[in-house]
Structure formats: C-alpha cells, structure tokens
Amino acid sequence: MANLPILQFEEKIVETVEKNSVVVIIGETGSGKSTQLSQILHRHGYTKSGVIAITQPRRVAAVSVARRVAQELDVTLGEDVGYAIRFEDRTSSKTRIKYLTDGVLLRESLSNPMLDDYSVIILDEAHERSLNTDILLGLVKRLVRIRASNFKVLITSATLDGEKVSEFFSGCPVLNVPGKLYPVEILYSKERPVSYIESSLKVAIDIHVREPEGDILIFMTGQDDIEKLVSKLEEKVRSLAEGSCMDAIIYPLHGSLPPEMQVRVFSPPPPNCRRFIVATNIAETSLTVDGVVYVIDSGYVKQRQYNPSSGMYSLDVIQISKVQANQRAGRAGRTRPGKCYRLYPLAVYRDDFLDATIPEIQRTSLAGSVLYLKSLDLPDIDILKFDFLDAPSSESLEDALKQLYFIDAIDENGAITRIGRTMSELPLEPSLSRTLIEANENGCLSQALTVVAMLSAETTLLPTRSKPSDKKRKHDDDSNLPNGSGFGDHIQLLQIFESWDRTNYDPTWCKENGMQMRGMVFVKDVRRQLCQIMQKISKDRLEVGAHGRKSSSRDDYRKLRKALCVGNANQIAERMLRHNGYRTLSFQSQLVQVHPSSVLSADNDGMLPNYVVYHELISTTRPFMRNVCAVEMSWVAPIKRKMEKLNVRKLSGGPAPSFKKPEEKTELSKNDAETPAVSENVESRIEAARERFLARKGQK
DNA sequence: GAGCACTGC
C-alpha cells in the first residue's frame, strides 16, 4: 500500500480539494485511486461532516474495493466502511466511507435530492461513461451550485479527457496521478487482415513459439468467433512438435459462460505452461486476468445501439475507439513489460478510430432516464436542456417523450403525471413499470410481477447455447416447459416461473428444464423487491404471493395481456392482411416479423393474431419482434386514437427550435393509410413460410 | 425458422 503512486500526491490532493468544490483526478490503472482517495479524505477530516460516497459502475467492484478498504483500515466491513448494491445494503449508522453502484446513488437521490448525508461524492471510473454516471455528472454539477461550499465532488477516471470534464465543471482543476503500468510495446499490422480469426491464430502461435513465457490475451467480438479461434488454437498447439516449446492451455472468456468457467482464468496455470485467453471486451474492464504479457487486439467490438426513429435495436460489430485500444494494450503491462499486437495499421488507429467510445447515453433509449429526471422536479432544470457532458440527440429525447406520453407517464404538455411518479419509484424500464401499475388496478398484479421480473432477467435466463442434444426452451415438441397457451412469450415466462415455484424452487428442476439457476434466483430477487415497492406504493394490502398458488387461469392471462397492452402502448404491431408480417404502430411504421424463437401460435388457417405487443425490436438478419404477446383490437383502439392526437411540440414544452420535425404528427396519424411498401422479396418469403407451416400442419 | 457485446436500479 505504501508504494501506491497516489500517496505521494496526498498533500497536493487535499490542498486542491480544500480550495475547490470539484476536482478531476486522472489516474491510470494501478494508481490506487479507487481505494486511497476515500482514505486520504477520511484522514483529513472529511468524514466529520458526512459520509464519503464512492460510486462504481459495477457491483463486484463496489464490493471488492469496499472490502479492501475495510481491511486496510482494520475495521469490520459494514461498519465504518460499507457498501450498497441492489439487493444488498451493508452499511450502518456508523458508516463513514460508502462504496455504491451509480444506479444505487441515483435511486437514493429520488428520496433525498440534496444527497445531504454525503460530504463528498466521488464518481469513480467516469471514463467508462455509463448512462448512470453521465446523469450523475449533471446532477452533482447542480448540487455543487446549490449546496454549501463544504460539499466536495471528485471525478476520477483513467483516461477521461480531463480538459473536457474540467470545462464542464467551470474550469475546475485537473490532477494527474501516474499509474503503475509497465511499458507496453505496440506493434501494428501492415494492413487489415482478411480474417482476423486466422490472423490472430498466426500471431498467437508465433508468440508461443518465439517469445518468452507470459500469457496471451486475445480480444474478439463474440462467442462465435471465440469458439472458432479456440478450436483452431487447440488443433494448432497439438500439432506442434512435442518438446519444441512449453505446454499451452486455452480458455474462452465471455459473458454467457457459466461463472465456474469464467473463474478458471483466475487460478494459476500449471508450471511451464502458457495460457491463451480468448475473450470479448469483458476482459477490457470487468475481469482482470493476471499474468498477461501479450495482447492481440482485433480492433473490433460488438455494440448494441438504439435507433430512436424506428425504435429498433441492433447489435453491430464496429471499430473500437482509441481509448478502448489503449485500455486493451494496458492489459499487457500489469505484471511486467509487455507487447500488444494490433491487427490493424497505425494509420487506421490514427485516422479512423474515434478518440473515445460513444457514451451509452447516445446509444440507448432514454425513456427511463427522462422519466427519472422529470420525477426529480428540478425547478431550475429543463429536461431538454439538461446539462449533459455529451448531450443526446434531440431526436432521442423527443422519442423518449413520445414513449412516456403514450403510457400516460407525462401529459400532453410534457408534465409528469401521478402515474409517471409512481412508475419512477420502480427500478424497471417504463413499459414494465406501467404494466405493473395497470395490473394492480386490473387484479393481476401477482402475474405481472412475475412476467416483469422474468423480462428484466431474460438474458441471464436463457440456457447456454443449445448443442443439438440439449433441450431448447422454445418450439420443441419434446420440451417439458409450458408453451404460453398460444398467447405468446410473456404468458410462457409466467408459466415457467409458476412451474419452478411449485417445485419450491428446486435447483434440479432448472437443470432438467434447461433454465439457468442463477437467472431464476435473480428473477425471484427482483420479484421480491418489486413486491415490496408495490406494497409501499399501494394503500391496500396486495395479493402478490406466488408461492403455493395454483396456476393462473385463462382469465388471469386475459387480464395480464390487457395490462401488457397498456404498458406496451409504444410497442404494438398490426398484422398485414394476407400474411404473417406485422407493421409497427408507433415510430415510423415498418415491416417486422415475430422472432422465430417465439411460442406465439397461429390459428387453424396459419394466421397469427391481428395485434401483438412486443418487448423489443431487434434487427439481426432481419427486423424481429422479440417476446411477443397477443392482444385484442378493442384494447388497441384507444391507444391508436391517442397517437392521432400527438403533438410533439407541446410534449417538449412549447415550440422548441431544436426540434426539426414538428410535422411528425401527420406522419404518425397515417396509421390507417395503405400498407407501407414491402419489397416483393420479403412478401414472397413470408408467403412461403406460411405455406410451409400449413403443409407441416396438414402432415400431423 | 434464428441467435445471445457488456453493465445496472
């Protein structure tokens, strides 16, 4: 601890914090900023007037850093030093130093907007620019203005452009603290490889044969490429003459790997053995592998982006930024001097790569964040002019307002409604919180709680990619899982949880049915949390117990589908007349299809329901609706009428010159106009699919 | 008839 670089700057830091409300601290990896900054300020009396809060973008980081600081101060974790993450608050009235995720701090600021328990707020890892950190940056900027001058804010980051943040905070001082990284030699390719899998393979084997010991970390974009490269590496390593070089062991590393497979990279390798770790960007920030000396960087990353005009997400392979490239290279210099092989030329890095990764706030739907900001009732802050470090596009904000309007969270003037206020209490995306509120009025809250919890855990729920022998969750005739009774995926998710619930949460049930235990337990936790919040909100006692209940009835399903229709008013699609393609009602009307993994069933003529709601639009090989539920026309009609009356200009609080498209209204009200142009190709493909479906049905 | 970068309240 004594040799951490940051401690040499202790006096300088304290002196600067004393004189300024906001200080930016740029500290490279290994500087000790996450563990030492709080202790330095504690030593100099900053915990006398309040608690020091340090935010982290990730739960594991909040817990592990808190644990280390408690150790260094020789106190019991949860007393003087504690942490707070979702589902787990390990703090007490004694706590002076509190580590928490930035999401938890945002929740706290809902009930205590001044955050006046805190004498100091440290926003750590701000360079990652998570959505929550970006919103906190705007909020603390305001707090600095309105709270007493002894309130201090520190923004710390590894590579963040210090000048930009300093400018954002009216020219506050920037301190640089050196890190403890060893030098990393950067080697560039002469040109972009045709296949970066082949190219990585060649470079990795070259290193293995020629270079001294040290592990190799290879950055790929996704599971598919990782698996391909792993098997090629295994083959190649086997073919090397025995005794010609040291042994090798090859690990894949990505998010959908079960935890026990992920932690293998933390156990030390056998002696005289080199490890190859083939990873996604999970190894860029979330997981740090010791012993890496060589990094191979493909220069690509897979990133999810949101298109506010179509409401559609896509998962694209894109070029990384300079910041990311340097973060990857830094992974080679943690234990001793290393080398980074970039599979792209210097000119590409210099001229083509963006300086920094596009912040999340510019890549995601903002409905939740805008509702959050509206619920804070900041009299001096106009949402559309909220002070963001990097502002989202006006199109994106406009989209968020429209979404909130259709689900009654804001009125036609853009003011938050009673429903919107209740929604903001719930840690859910707006469509789901709206569904819960409707279900509460509707008499199907228990079912809705389950579905909403299942949906918010969906990605952790799915079984690891099915091998041909594995049972698939959906559309498999021999699967034991319920099928949604024809109504679609939401009902199936409800039935799945109810089945597990009836076994008294038996782990073997999960295994037998191909569900991930970890994901199902998370659903249970989310459900319990939502239950408590709903109990608090409602005055009446709620019927929300799931355990020991009989299965839901068709009548329950009907109520639930109706609540889903209200909550997903933005996400309704209408089937085309002659085939099973759908067009979306809100957003620019577009042709989409039900995702093939859906359990939604067709009628005897092979036709799907006339109206469905969907949880998400995702463009992969084609635009798909994922998680689809059948709804009825009479439920959709009032929503359609509401859409026709939409006036975007009013929503955003009067004429706003930044909005370029006030004509949006006419565009949206054309719902009853002719079907949008569809290329013949798509039409005929859908027609062919329907014929195949009918043929299969006839065979049975 | 297709597909899952990574977080988080």
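Side chains included, hydrogens not; waters and symmetry mates left out as well; all remaining heavy atoms used. Below, chains carry the letters A, B, ... as their sequence lines are ordered, and counting in each starts from 1.
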Whole-Å distance between [N] [atom2] and [X] [atom1]?
X	N	atom1	atom2	result
Tyr313(A)	dA5(B)	OH	C1'	14 Å
Arg129(A)	dC6(B)	CZ	C1'	17 Å
Gln324(A)	dT7(B)	CD	C1'	14 Å
Leu123(A)	dG8(B)	CG	C1'	16 Å
Leu287(A)	dA5(B)	CG	P	15 Å
Gln303(A)	dT7(B)	CD	P	14 Å
Glu128(A)	dT7(B)	CD	P	11 Å
His127(A)	dC6(B)	NE2	C1'	14 Å

Taking the minimum atom-to-atom distance to the side chain of [X], which one of [options] wins?
X	options	answer
Thr101(A)	dG8(B), dA2(B), dA5(B)	dG8(B)
Arg58(A)	dC9(B), dT7(B), dA5(B)	dT7(B)
Gln223(A)	dC6(B), dA5(B), dG8(B)	dA5(B)
Val104(A)	dC9(B), dA2(B), dA5(B)	dC9(B)
Ser286(A)	dT7(B), dA2(B), dC4(B)	dT7(B)
Arg622(A)	dC9(B), dA2(B), dC6(B)	dA2(B)

NZ (Lys322(A)) with more than 12 external heavy atoms under 6.0 Å: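 Yes.
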
Side-chain N or O of [X] versus OP1/OP2 of [N]: is the shortest distance under 4.0 Å?
X	N	answer
Arg304(A)	dC6(B)	no
Thr621(A)	dA2(B)	no
Thr285(A)	dC6(B)	no
Arg626(A)	dG3(B)	no

Would you kindly compare Glu429(A) and Leu315(A) by the position of their nearest DNA chain B nucleotide and give the one closer to the 5′ end?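 That would be Leu315(A).
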
Residue met sooner reading DNA chain B from 5', once Arg107(A) and Phe624(A) are mapped to nucleotides: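 In this pair, the answer is Phe624(A).
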
Taking the six-membered ring for Trp and the single ring otherwise, decide whether the centroids of Tyr300(A) and Tyr196(A) are under 6.0 Å apart.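 Close enough - the centres of the two rings lie under 6.0 Å apart.
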
Centres of the Phe353(A) and Tyr344(A) rings: under 6.0 Å?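 Between Tyr344(A) and Phe353(A), which both carry aromatic rings, the centre distance is below 6.0 Å.
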
Aromatic Tyr251(A) / basic Arg264(A) pairing, under 6.0 angstrom, 45° off normal: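 Checked: cation-pi criterion not met.
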
Using a heavy-atom cut-off of under 4.0 Å over every strand shown, decide if Ser130(A) touches base, sugar-phosphate, or nothing.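 Ser130(A): no heavy atom of the nucleic acid under 4.0 Å.
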
Evaluate the side-chain proximity of Leu139(A) to Leu376(A): yes if any heavy-atom separation is below 4.5 Å, no if none is.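 Heavy-atom side-chain distance check passes, below 4.5 Å.
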
Test side-chain hydrogen bond (donor to acceptor under 3.5 Å, both in side chains) applied to Asp102(A) and Ser130(A), step by step: CA-CA 9 Å; Asp102(A) 42 24; Ser130(A) 78; 3.1 Å; yes

Syn or anti for dC4(B), given that syn means the glycosidic angle lies within 90° of 0?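 Syn conformation here, the glycosidic angle of dC4(B) being no more than 90° from 0.
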
